[in-house]
Amino acid sequence: MTEPVEVSALPALDVASRIPKLRQKFTTAVETSGKSTADGADAIAPGPIDGLVVTKLEHLRYLFGFTGSAGLGWIGRDEAVLITDGRYRHQAAAELEAAGVSARLEISRTPRPIFAAAAEDACAEVVGLEAAHVSWQSATSYRGWFEGVDLAPTIGLVEGLRAVKDAGELARIEAAAKVADAALAEVRTLLVQGPTEAEVAQSLEQAMVAAGASGAAYDTIVASGPNGANPHARAGSRRIEAGDLVVIDVGAVVDGYRSDMTRTFSIGEPDDLSRRMLEVVTEAQAGGVEMVRAGVAAADVDKRCRDRIAEAGWAEAFEHGTGHGVGLDIHEAPSVNSRTQDVLLAGHVVTVEPGVYLAGHGGVRVEDLVVVTEAGARVLSQSPKDPVLAVG
Ligand code: ZN
Ligand code: ZN
């Protein structure tokens, strides 16, 4: 086992620069409706905004360094306010201070007057609400909070910033990938001992925590035999047996940042069909990774994987997108699929994860987490791609 990850030894996050960068988008977000921005994520706002209401917890974490489970943020042109309740009084103050973020902390259970005053102080005419994260019901009540102010839906403002990772973020994602690698290395020997899928998933999650993760990045997938034909199968009570393909999709969380990786194993020698699936998907995946580079259209990476699988006659059996961004969320910008207009930028972290799923037989998916650089992909997932596990 490698030494457990020490978060304090990782490079610091550059939290303080983020609110100023977000403010720059209050005007540049205009008239980009429907088009991809330089960040690679769609940014839509019907006009310049004077302030933004932030409700999504990952955005509060990203912008303020605040890791509590309840809070709201105001980002005005000159002022930023973090509002949370008494449970987080000390934590929020300490986190703002540690991050060096210049923001006012308000401890209150009634944020309405705080927002109203902040909007008035800013002479705000238009306030943005994050359309992807505010329910219809909340949007309706916000109308009452901001009297005489226009509310405008914004899409992708914070997500676009989040898509490009700084050194501290990359270090955390890389550490999370290492933790998942270590867990898989430890648990792969268990696979030939007839465990249930759920036992394997639990062992992986325990190993990740022992290696310094705060937990699993998502419900670990262990899908054996015919269950593997369902791309998002949950780990269940099925016992893994000789002849199975086993899809294992596992990721860790380190200091809020996630990793995401899939390997497929064959328990004993694979039959001809399984062997061909493993070969085709492994090749398709390697082709996709090879295409990753700053400036490349993400849709072209998807096409490269999809074409190889189609060539093998399995176009219909690859029914999901090739990949997605990973960071504070397990699925975030940019998208890697056939419909996206996103362009890969240096500092993006994306997965490349084609698969083939055959009902009644099983599935194969191979997924690496990679950092986009000017020179190509820096692959974070280091688990070997040698799928055949000897039995007995
Ligand atoms: Zn995955
Ligand atoms: Zn994934």
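All residue numbers in this chain count up from 1 along the given sequence. Each ligand, and each atom within it, is numbered from 1 in the order the structure gives.
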Which heavy atom of [X] sits nearest to which heavy atom of [Y], and what is that distance?
X: Ala333; Y: Lys165; result: O-NZ, 4.4 Å
X: Ser69; Y: Arg87; result: OG-NH1, 4.5 Å
X: Val179; Y: Met208; result: CG1-O, 3.5 Å

Residue-atom pairs from the protein, N, O or S only, that lie under 2.8 Å from the Zn ion (ligand 2):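 Short answer, with waters excluded from the count: Asp260 OD2, His324 NE2, Glu353 OE2, Glu367 OE2.
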Does the pair Arg293/Asp300 count as a salt bridge with the N-to-O cut at 4.0 Å? no
Is there any ring-ring contact (aromatic ring centres under 6.0 Å, His included) pair reaching into residues 121-146, and which pairs are they, with sequence neighbours excluded? His59-His133, Phe115-Trp145, Phe115-Phe146, Tyr142-Trp145
Starting at NE2 of His331, measure out to CG of Asp260 and round the result to the nearest 0.5 Å.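 Going from NE2 on His331 over to CG on Asp260, the span is 6.5 Å.
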